[in-house]
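Please read the structure below before turning to the comments.
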Amino acid sequence: MNPMDTVRLLPWNSPEGKPCYLLGGTGTGYVSRLADRVEAEHMDAAAEFIEEAGDILAGRCWTPGEIHLLAVELTAHLARVHRVSESRGVRLLQLAGGLAEDAEDAEAAGSVPGAALKGAAQGSRAR
């Protein structure tokens, strides 16, 4: 797979609120590593907030304002986690497509029977 064929949704927006993308690359550069760290922070923060939300709800004595704030925070964390999963899902599909292309190339060269690898990559795209 050609690295220039990859597109990564980054875990932040532009100042205008539009999604940011990283075009091309191998996934090992500075921006990719920074995005990996930000994604990990989003996932960790969401996991911690799930515990806090459970504690708040278990207390069964909250005000409507507290429930509203809880809903706002849960929505923000869910949106971040959704963005991370969307980005990672696209990268997995790109990887599966690259594996299928590699298998087709190897099969055409007569070096490796690629049916199993090709089928696996196509199966992951269908999901």
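We use all heavy atoms of the structure for the numbers below, so side chains are in, but hydrogens, waters and symmetry mates are not. Numbers here are sequence positions counted from 1.
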Taking C-beta and beyond as the side chain, do [X] and [Y] meet within less than 4.5 Å on heavy atoms?
| X | Y | result |
| --- | --- | --- |
| F49 | D44 | no |
| P11 | H42 | yes |
| R83 | L9 | yes |
| V7 | V90 | no |
| L10 | R8 | yes |
| E66 | I56 | no |

Where the side chain of [X] meets the backbone of [Y], is there a donor-acceptor pair that is under 3.5 Å apart?
| X | Y | answer |
| --- | --- | --- |
| E51 | E48 | no |
| R33 | T28 | yes |
| S87 | V84 | no |

Closer than 4.0 angstrom, basic N to acidic O: yes or no for R88 and D36?
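A salt bridge is absent here (no side-chain N lies under 4.0 Å from a carboxylate O).
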Can L74 be reached from L57 by stepping across I, L, V, M, F, W or Y side chains whose heavy atoms are under 4.5 Å apart?
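L57 and L74: one cluster.
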Treating Ile, Leu, Val, Met, Phe, Trp and Tyr as nodes and any side-chain heavy-atom pair under 4.5 angstrom as an edge, say whether L34 and Y21 lie in one connected cluster.
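Cluster IDs for L34 and Y21 differ.
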Walk me through whether R91 and E39 qualify under salt bridge (Lys or Arg N to Asp or Glu O under 4.0 Å).
CA-CA 14 Å; R91 286 184 283 155; E39 286 181 353; 3.4 Å; yes
Atom pair CD/CD of E52 and E73 - distance to nearest 0.5 Å:
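Between atom CD of E52 and atom CD of E73 there are 8.5 Å.
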Closest contact, heavy atoms only, P19 versus N13:
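Scanning both residues, the minimum pair turns out to be CA-OD1, 3.5 Å.
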